Participant: 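Please see the structure below; I have some questions.
These numbers come from a predicted model, not from an experiment. Whatever order the structure lists ligands and atoms in, that order sets their numbers, starting from 1. Numbers here simply count residues along the sequence, with the first being 1.
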Amino acid sequence: MLAYAMAVLGLLSLLAVLFSVESYLKRRNPRDLLLLASGWLAYGASAPFFYLTSVSGGALYPALFGALQLVGICLIVMGAFSYFVAFNHVRAFLVTLALGVVAFTVLLTIPGTTRLIIPAENIIMFTSAILGLSRPREFRAVGGSSYYWLLGVVVLGALAALGWMPQASTGMGVAPVWPWIGTTAVVLSAVVFMAELENNATLTELRAREAELLEYRADLERMVEERTEQLEEANRAKSRFLAKASHELRTPLNSIIGFSSLLHQGLAGPMSDTQRSHVEIINASGRHLLLLVDDILDLSRVEAGGLAVRTATVDPTALVSEVVEAVRPLCAGRGISLRAEVPHGTFTIQSDAAKLKEILLNLAENGVKYTEKGEVVVRWAFPDAAHIEFSVSDTGVGISPEAMPRIFEAFVQVVEAESQAVQGIGLGLAISHEYASLLGGELSATSTVGAGSTFTLTLPT
Ligand code: ADP
């Protein structure tokens, strides 16, 4: 009966060792390794108490010896089984410990069985070591140099166990010193081995992950480059198309404007009042359409990179007054005052006058367009020796902080114009922004909803 119980215990232990070795090799869970390592450490630490028991007697040493053996074996068994079953480690440890206490108590109270415990435990230790050593390639791959150390210690431990066997079979008599040194050496080496195993495993895994990440990054970068190239090409194609299409639209539009103007002037014969007013509408609509087509043409030209900068000497004060005078008719009858604010004296800068004027016209027109009452001021100043700053401030509707980042994009309209005196399609700021960078400068805006906006163009002098 007892022999059967021991055989079952031995088999279970053997299975536990098998699973644990398998578990190290597969590195399933570092926590299992920790369980096994601490189990084996407790097991090894029990050996000196066995020796002390045999030389000095008393109850303390056997109790310590038994407790350490018990805890050690419980942890080893748990570590091995956690390979198969996911469980709560604390609860499982308590259950295993309780079972272990029962098993030990039963075994220790039945006379003659104690001598079987030590050989059984030794079998657990050596089987696991030998099983591990039987797969040297895997062990070397993850365990590094400790393989050779482990090999030496196992030989020593095996000799120690052989010397222990006859001793154990005659009962818990006096044990020679060297067998437990051998056993402890095996246990410690196993612990060191496992620590290194885990360390190496983590390192290997980290390196593999890093390599994987680098590969992903390279892939991503390549993809982003490809996509950017495709997008740029698509954008260039769109701009080429727009440039060509708007050019084709201008010719018939000019005919519509020209001939409606001739009709209106009565050069093609007399017309009734109704006819004249219809022709006037045709002419106005034609001119409006031409403005829009021009805007599209301008923007697509800048985007297609087909616009040259013609630098010349520019008088900023004269430019600002030209802009103010050109925009003044838009203020007529609307209670908006429009004025220029410029430094005294005569100054000049080097820039492209036509593009500069276009930007300021756009800004001033917008100022008037989006202001119901108050004033629009066009200014210029030198903020420092290397820059000139043109600005257009209004006391209009303002731009919300959410809309602000998008106003320089093409075809973006944030507020519907109250007055339709000057209509647009959301291209003015986009064109101005492109022109500003073409001139080596920058266009920016600040605004408070309900209080007004200021657009500032900064250029190198
Ligand atoms: P649009 O042809 O619609 O005027 P823009 O590109 O000139 O197009 O302006 C884009 C949008 O920015 C406008 O629709 C308007 O919502 C806003 N915006 C531009 N200037 C002002 C301003 N001075 N005050 C308030 N909103 C403005």
Side-chain angles (χ1 to χ4, degrees), residues 235 238-239 242 246 249 284-285 287-303 307 320 323-324 326-332 334-341 354-380 389-439 441-458:
N235 201 30
K238 182 206 76 184
S239 299
L242 279 178
S246 16
L249 285 171
S285 305
R287 271 186 286 124
H288 177 56
L289 208 52
L290 188 63
L291 279 181
L292 299 187
V293 168
D294 278 348
D295 271 359
I296 295 178
L297 188 63
D298 281 350
L299 185 67
S300 45
R301 270 204 199 124
V302 190
E303 284 185 348
L307 271 193
V320 165
V323 168
V324 167
V327 178
R328 197 176 296 288
L330 299 178
C331 306
R334 293 191 48 218
I336 305 168
S337 77
L338 173 68
R339 61 188 173 88
E341 211 177 275
K355 294 191 178 61
L356 192 50
K357 188 171 173 184
E358 174 88 24
I359 299 174
L360 293 179
L361 272 175
N362 273 332
L363 297 181
E365 278 174 8
N366 274 353
V368 173
K369 189 159 60 162
Y370 298 106
T371 303
E372 267 181 73
K373 61 177 192 305
E375 61 170 3
V376 177
V377 185
V378 186
R379 298 184 177 86
W380 79 260
E389 224 173 57
F390 293 90
S391 67
V392 177
S393 309
D394 64 54
T395 52
V397 289
I399 302 161
S400 67
E402 300 83 56
M404 194 54 113
R406 300 187 52 231
I407 56 168
F408 294 116
E409 287 171 24
F411 303 108
V412 168
Q413 286 186 296
V414 185
V415 272
E416 280 297 311
E418 283 277 310
S419 148
Q420 293 294 314
V422 182
Q423 292 170 352
I425 49 170
L427 280 179
L429 285 185
I431 293 172
S432 305
H433 195 254
E434 293 289 343
Y435 276 8
S437 33
L438 207 64
L439 299 181
E442 205 175 275
L443 179 59
S444 61
T446 55
S447 185
T448 312
V449 175
S453 321
T454 297
F455 284 79
T456 307
L457 169 70
T458 312

Participant: Of the listed options (Leu427, Ile431, Ile399, Thr395), which comes nearest to atom 25 (C) of ligand 1 when hydrogens are ignored and any heavy atom counts?
Facilitator: Ile399
Participant: Going by heavy atoms, is Asn362 under 4.0 Å from ligand 1?
Facilitator: no
Participant: Show the atoms of ligand 1 that are less than 4.0 angstrom away from any heavy atom in Asp394.
Facilitator: 22 (C), 23 (N), 24 (N)
Participant: Does the side chain of Leu356 reach to within under 4.5 Å of the side chain of Phe390, using non-hydrogen atoms?
Facilitator: yes
Participant: Do any N/O atoms on Gly428 end up under 3.5 angstrom from N/O atoms on ligand 1?
Facilitator: yes
Participant: Below 4.0 angstrom from a heavy atom of Gly398, which ligand 1 atoms are there? Numbered from 1 as shown, please.
Facilitator: 25 (C)
Participant: Would you say the side-chain atoms of Thr371 pair up with the backbone N or O of Val368, donor to acceptor, closer than 3.5 Å?
Facilitator: no
Participant: If you define the side chain from C-beta out and look only at heavy atoms, does anything of Val323 sit under 4.5 Å from Lys357?
Facilitator: yes
Participant: Taking only residues two or more places apart in sequence or in another chain, which ones pass side chain to side chain contact (heavy atoms under 4.5 Å, CB included) with Glu389?
Facilitator: Pro383, Thr456, Thr458
Participant: Find the distance between NZ (Lys369) and CG (Leu330) and round it off to the nearest 0.5 Å.
Facilitator: 9.5 Å
Participant: So for Ser453, does at least one of its heavy atoms come nearer than 4.0 angstrom to any atom of ligand 1?
Facilitator: yes
Participant: Taking a cutoff of less than 4.0 Å between a non-hydrogen atom of the residue and any ligand atom, is Phe408 in contact with ligand 1?
Facilitator: no
Participant: Among Thr454, Ile407, Val449, which residue places a heavy atom closest to atom 17 (C) of ligand 1?
Facilitator: Ile407
Participant: Drop me the distance from Leu439's CG to Ile359's CD1, to the nearest 0.5 angstrom.
Facilitator: 5.0 Å
Participant: In ligand 1, which numbered atoms sit nearer than 4.0 Å to a non-hydrogen atom of Lys369?
Facilitator: 1 (P), 2 (O), 4 (O)
Participant: Do Leu429 and Phe455 touch side chain to side chain, with heavy atoms closer than 4.5 Å?
Facilitator: yes
